[in-house]
Amino acid sequence: MSNVPPGLILAVAALVIAVLPNRFRPIAFVIAGALTLAQMVVVLTSGTVWSVEWLGFEVTPLRVDRLSLLFGYVFGILAFAGGIFAIYLKDKAQQ
């Protein structure tokens with residue numbers, strides 16, 4: 001889980017949540033938000049960079065500085081809070 005963009009964790013979780021049965025879906029929402037927040041707090045530090053070479057170009061999908069870390073914390077907290085809110089939603093379209 002190191003050096004993986006937190007948005008990728010949420011995107012993969014969204015694909016998994018879409019095919020989960022109704023009773024497991026709310027728990028998966030909370031777990032996805034918690035994993036994203038945990039990665040932001042524990043793994044990513046200022047100065048972390050993840051770059052790959054693709055078609056002769058250097059692509060940098062993850063570069064962490066203090067401002068991006070702050071925004072990551074905010075979005076991680078919101079994803080976790082949204083997961084807690086989604087526990088009581090029954091309609092798949094609202095989730």
Side-chain angles (χ1 to χ4, degrees):
M1 194 164 82
S2 66
N3 293 349
V4 175
L8 186 62
I9 295 172
L10 291 174
V12 170
L15 294 174
V16 171
I17 288 170
V19 297
L20 281 176
N22 286 340
R23 65 180 192 189
F24 296 121
R25 195 173 292 129
I27 296 167
F29 275 119
V30 175
I31 290 172
L35 280 176
T36 302
L37 190 58
Q39 185 205 19
M40 293 296 302
V41 171
V42 176
V43 177
L44 295 180
T45 59
S46 186
T48 302
V49 176
W50 180 40
S51 357
V52 293
E53 179 130 353
W54 187 61
L55 297 175
F57 296 101
E58 183 178 351
V59 179
T60 308
L62 177 70
R63 178 179 295 149
V64 182
D65 58 7
R66 288 179 35 199
L67 182 62
S68 63
L69 206 53
L70 175 66
F71 275 95
Y73 290 151
V74 170
F75 284 113
I77 290 168
L78 289 175
F80 182 69
I84 291 173
F85 175 74
I87 288 175
Y88 298 105
L89 293 176
K90 302 298 180 200
D91 186 22
K92 187 175 182 178
Q94 288 183 8
Q95 292 176 339

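Predicted model only: the values in this text are computed from it and were never measured. Reckoned from all heavy atoms, side chains included, excluding hydrogens, waters and symmetry mates.
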Q: Sequence neighbours left out, what passes side chain to side chain contact (heavy atoms under 4.5 Å, CB included) with Val42? Give chain and number order.
A: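 Testing Val42 for side chain to side chain contact (heavy atoms under 4.5 Å, CB included), a comparison that skips the adjacent residues, returns none.
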Return a table of donor-acceptor pairs under 3.5 angstrom between the side chains of residues 68-78 and protein atoms on other chains or two or more places apart.
from: Ser68; atom 1: OG; to: Asp65; atom 2: N; distance (Å): 2.8
from: Ser68; atom 1: OG; to: Asp65; atom 2: O; distance (Å): 3.1
from: Ser68; atom 1: OG; to: Asp65; atom 2: OD1; distance (Å): 2.7

Q: Tell me who clusters with Leu15, hydrophobic residues only, linked when side chains sit under 4.5 Å apart either directly or through other members.
A: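 Result for Leu15 is none, singleton.
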Q) Hydrophobic cluster mates of Leu10, side-chain heavy atoms under 4.5 angstrom, ILVMFWY only, any path? A)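 Members other than Leu10 - counting any ILVMFWY side chain reachable under 4.5 Å - there are none.
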Q.
Just verifying a value: how many Å separate Leu20 CG and Arg25 CZ, rounded to the nearest 0.5 Å?
A.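 Leu20 CG to Arg25 CZ: 7.0 Å, rounded to 0.5 Å.
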Q: Would you mind listing every side-chain hydrogen bond (donor to acceptor under 3.5 Å, both in side chains) that reaches into residues 52-63, with sequence neighbours excluded?
A: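 Found Ser51-Glu58.
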Q.
If hydrophobic clusters are built from ILVMFWY residues whose side chains come within less than 4.5 Å, do Val41 and Leu67 share one?
A.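 No; Leu67 is not reachable from Val41 via cluster members.
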(Q) Which heavy atom of Val30 sits nearest to which heavy atom of Gly83, and what is that distance? (A)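 Here Val30 and Gly83 meet closest at CG2-O, 3.4 Å.
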Q | Heavy-atom pair of closest approach, residues Ile9 and Gln39 | A |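 For Ile9 versus Gln39, the nearest heavy atoms are CD1-OE1, 3.3 Å.
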Q: Take Ile87 and Phe29 through the test side chain to side chain contact (heavy atoms under 4.5 Å, CB included) and record every step on the way to the result.
A: CA-CA 8 Å; Ile87 288 175; Phe29 275 119; over 6 Å; no
